[in-house]
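Below is one structure; the comments refer to it alone.
Residues: numbered from 1 along the sequence shown. Keep in mind that this is a model prediction, so the values were computed, not measured.
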Amino acid sequence: MARPARAHIDLQALRENYQWARQLNAGCKALAVVKADAYGHGAARVALALADQADGFAVACIEEALALRASGVKNPILLLEGVFDPTELALVSAHELWVVVHCQRQVDWILSARMAQPLKVWLKMDSGMHRLGFAPQDYRAAYAALAQSPQVGEIVLMSHFARADETDGLFSQQQRAHFENLCVDLPGARSMANSAGLMAWSPRAGEWVRPGLALYGISPLSGSRAFAAPLKPAMTLVSELIAVREVPAGEAIGYGTHYTTQGVTRIGVVAMGYADGYPRAAANGTPVAVAGQRTQLVGRVSMDMLTVDLTQLPHAVAGDPVELWGSQIGVEEVARFSQTIPYELLTRVTGRVERHYRNP
Ligand SMILES: *Cc1c(COP(=O)(O)O)cnc(C)c1O
């Protein structure tokens with residue numbers, strides 16, 4: 001394909017990020033979270049690149065798990081929301097998947113199913129996020145029901161942080177204390193931490209950590225806790241300048257009057273738009289790198305193109321490479337300028353952007 005909008009995915013960076021996330025908590029195991037097509041990086045390629053070292057993978061639903069199995073992934077795979085209806089349990093058994101159990105309905109389905117072998121269950125407690133999981137007062141009853149069933153093998157005790165990315169960590173401390181106190185005498189491994197949790201709580205994040213964003217080389221932490229994590233961004237979103245023009249002062253660039261030139265301005269047009277997943281909400285001033293030099297977005301992002309200020313880059317010409325995010329431009333920065341979070345930007349890069357894999 002000739003259109004230069006591409007996402008380069010560095011599989012070696014993913015392997016190093018995974019190793020780093022796991023070694024932060026000595027002796028723990030790590031589920032590599034590859035839901036939502038591995039946060040836009042391509043789930044099959046990512047999982048196969050990590051297959052040698054990953055203790056397991058986590059996905060949102062059975063469709064994602066079966067796609068990994070069909071690609072040859074043999075590692076354990078956890079369904080983070082468990083099954084959505086009881087008929088899925090036959091597939092869970094056939095493909096040896098692990099399931100989260102977050103509600104009584106799921107307990108009942110498992111107890112009345114006929115499993116070929118005992119199921120590995122991650123029993124989820126709602127320790128304060130109030131999304132999924134058993135209320136603390138109901139958790140032990142659910143545990144007892146599952147533990148007594150021959151359908152169930154190992155039970156992992158699980159919860160999820162709501163504010164692990166916040167600087168003071170107080171709410172997470174409360175959530176963790178709540179969870180640990182309630183589980184204190186229950187046998188089984190513990191798992192609470194996503195990327196922010198495992199980075200903030202190392203080295204005591206529990207037996208199983210569940211890194212997602214960190215795997216892709218992005219730190220979920222901000223402020224003083226954004227310690228110099230040696231994370232390497234795995235995705236570089238690139239394109240090229242396809243036109244360069246000089247525009248007089250007082251002219252609006254692109255649709256509407258979102259940006260008006262102050263003086264004579266050199267404008268570069270980049271083949272990258274919101275139909276590729278670049279956020280239309282990106283404000284004037286969002287950083288963009290042209291031929292290795294930082295400059296900025298000016299004017300509204302359109303469907304297939306966006307415009308940048310080249311006034312300070314007099315040598316820039318059509319055909320020059322452009323980085324929208326990656327190692328020169330943090331996707332966190334673009335997210336901030338677009339009133340969103342890196343998770344959303346990574347997961348919404350569309351199919352029109354070809355993925356190119358490095359270091360397979
Ligand atoms: C998505 C998800 C994760 C990974 O979160 P990151 O913030 O990307 O590290 C971990 N645990 C659960 C239950 C999730 O749904």
Is the backbone N or O of Val317 less than 3.5 Å from a side-chain atom of Asp320, with the two atoms forming a donor-acceptor pair by type? yes

Under 3.5 Å, is there a donor-acceptor pair between the side chain of Ser219 and the main chain of Leu221? yes

Quick one: closest heavy-atom pair of Gly273 and Arg3, and the distance? N-NH2, 4.4 Å

Answer yes or no: is there a donor N or O on one side and an acceptor on the other, between the side chain of Ser93 and the main chain of Ala90, under 3.5 Å? no

Is the side chain of Glu180 donor-acceptor paired with the backbone N or O of Cys183 at a distance under 3.5 Å, no angle test? no

Does the Thr265 side chain pair with the main chain of Thr261, one donor and one acceptor, at a distance under 3.5 Å? no

Using every non-hydrogen atom in the two residues, find where Pro287 and Arg294 come nearest and quote the distance to one decimal. CB-NH2, 3.6 Å

Under the 6.0 Å and 45° cation-pi test, does Arg300 pair with Tyr255? no

Strictly below 4.0 Å, N to O, side chains only: are Asp276 and Arg352 in salt-bridge contact? yes

Please determine whether a side-chain nitrogen of the Lys or Arg among Glu207 and Arg190 lies less than 4.0 Å from a carboxylate oxygen of the Asp or Glu. no

Where the side chain of Thr340 meets the backbone of Arg336, is there a donor-acceptor pair that is under 3.5 Å apart? no

Give a yes or no on whether the backbone of Leu306 and the side-chain of Tyr278 come within a donor-acceptor separation of less than 3.5 Å. no

Is there a donor-acceptor pair closer than 3.5 Å between any side-chain N or O of Asp37 and the backbone N or O of Ala43? yes

Using modelled atom types and a 3.5 Å cut-off, is there a donor and acceptor pairing between side-chain atoms of Asp126 and backbone atoms of Met129? yes

Under a 3.5 Å cutoff, is there a donor and acceptor pairing between the side chains of Gln12 and Arg15? yes

Test item: Glu323 side-chain N/O and Gln328 main-chain N/O as donor-acceptor pair under 3.5 Å: yes

Going by an N to O cut-off under 4.0 Å, is there a salt bridge joining Arg348 and Glu344? yes

Check against salt bridge (charged side-chain N to carboxylate O under 4.0 Å, His left out), Glu154 and Lys120: CA-CA 5 Å; Glu154 197 184 334; Lys120 178 150 168 168; 3.1 Å; yes

Could you go through the ring pair (Phe, Tyr, Trp, His ring centres under 6.0 Å) check for Phe134 and His102 one step at a time? CA-CA 6 Å; Phe134 287 88; His102 64 77; 7.9 Å; no

Under the criterion side chain to side chain contact (heavy atoms under 4.5 Å, CB included), I'd like the reasoning laid out for Thr295 against Gln312: C-alpha separation, chi angles, the key distance, then a yes or no. CA-CA 8 Å; Thr295 178; Gln312 304 303 320; over 6 Å; no

Can you tell me if Gln339 has over 12 outside heavy atoms packed within less than 6.0 Å of its CD? no

